[in-house]
Amino acid sequence: MMQFRGMPVVTSWHLTVPAEDWTWVRSPSRARRRLKQGHRQNVRHYQRPSPDFLVVNGTIHCHPARLLDLQRRLQDESNHL
């Protein structure tokens with residue numbers, strides 16, 4: 001278990017949020033309009049890591065990818081000092 005500023009950090013792969021990938025549609029605005037009309041569109045629905053850190057009872061909960069990103073940013077900051 002890792003600690004950040006004295007608080008234990010717990011990671012969980014379940015901390016995700018729903019997301020949409022609209023890169024396969026030719027015109028996103030037209031696709032959104034047609035989606036409201038009930039037409040199927042070529043939009044990919046997936047789960048991405050949650051950008052938030054949750055603090056519950058003095059313990060930080062986050063997605064492992066988010067923790068890795070935080071560690072890289074802190075390492076870059078310490079290299080610049």
Side-chain angles (χ1 to χ4, degrees):
M1 181 180 309
M2 183 184 160
Q3 287 199 355
F4 179 72
R5 296 189 182 225
M7 295 175 68
V9 178
V10 176
T11 60
S12 173
W13 290 98
H14 298 288
L15 292 172
T16 60
V17 293
E20 296 176 339
D21 181 13
W22 289 78
T23 57
W24 289 97
V25 297
R26 185 176 63 196
S27 172
S29 61
R30 180 176 181 265
R32 281 188 190 89
R33 185 174 64 247
R34 288 180 51 84
L35 185 65
K36 288 180 186 176
Q37 295 172 353
H39 299 281
R40 192 189 75 75
Q41 299 299 314
N42 197 7
V43 178
R44 182 175 71 100
H45 297 276
Y46 66 100
Q47 296 289 324
R48 67 178 176 90
S50 175
D52 300 324
F53 289 92
L54 303 174
V55 180
V56 180
N57 295 331
T59 303
I60 300 173
H61 297 266
C62 65
H63 192 275
R66 187 73 171 127
L67 179 61
L68 184 61
D69 182 47
L70 175 66
Q71 289 172 337
R72 288 181 182 157
R73 289 177 186 229
L74 291 174
Q75 184 66 30
D76 289 344
E77 286 292 322
S78 65
N79 289 341
H80 292 298
L81 294 178

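Quantities reported herein were computed from a predicted structural model and do not represent experimental measurements. Just so you know, residue 1 is the first one in the sequence shown, and it goes up from there.
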TODO: State, to 0.1 Å, how close Pro49 and Ala65 come at their nearest heavy-atom pair, and which atoms those are.
DONE: CG-CB, 4.1 Å
Task: Side-chain heavy-atom pair Gln47, Pro18 within 4.5 angstrom cut-off - done: yes
Open item on the list: In this structure, would Leu70 and Leu54 fall into the same cluster of hydrophobic residues linked by side-chain contacts under 4.5 Å?
Closed with: no
- [ ] Grab the two heavy atoms, one from His63 and one from Thr16, that are nearest each other, plus how far apart they are.
- [x] CD2-CG2, 4.0 Å
TODO: Could you please spell out the steps behind the side chain to side chain contact (heavy atoms under 4.5 Å, CB included) verdict for Phe53 and His61?
DONE: CA-CA 6 Å; Phe53 289 92; His61 297 266; over 6 Å; no
Open item on the list: Quick check: closest heavy atoms across Trp22 and Ala31, and the distance to 0.1 Å?
Closed with: CZ3-CB, 3.6 Å
TODO: Say whether Leu74 and Ile60 are linked into one hydrophobic cluster, either directly or through other cluster members, by side-chain heavy-atom distances under 4.5 angstrom.
DONE: yes
- [ ] Carefully, step by step, assess Val9 and Leu67 under the rule side chain to side chain contact (heavy atoms under 4.5 Å, CB included).
- [x] CA-CA 9 Å; Val9 178; Leu67 179 61; 4.0 Å; yes
Open item on the list: For Asp69, is there an ion pair with Arg66 - N to carboxylate O distance below 4.0 angstrom?
Closed with: yes
Task: Residue His14 excluded, over 12 heavy atoms near NE2 under 6.0 Å - done: no
Task: Residue pair Cys62 / Thr11, side-chain heavy-atom distance below 4.5 Å - done: yes
- [ ] Answer yes if Leu35 and Val43 sit in the same cluster of Ile, Leu, Val, Met, Phe, Trp and Tyr residues linked by side chain heavy atoms under 4.5 Å apart, and no otherwise.
- [x] yes
TODO: Would you name the heavy atoms of Gly58 and Pro8 that are closest together and state the gap between them?
DONE: O-CD, 3.4 Å
Open item on the list: Would you compute the distance between atom CZ of Arg33 and atom CD of Gln37 and round it to the nearest 0.5 angstrom?
Closed with: 7.0 Å
- [ ] Using a cut-off of 6.0 Å, state whether more than 12 heavy atoms not belonging to Arg44 lie near its atom CZ.
- [x] yes
Open item on the list: Within this structure, what is the CD-CZ distance for the pair Gln41 and Arg30, rounded to the nearest 0.5 Å?
Closed with: 7.5 Å
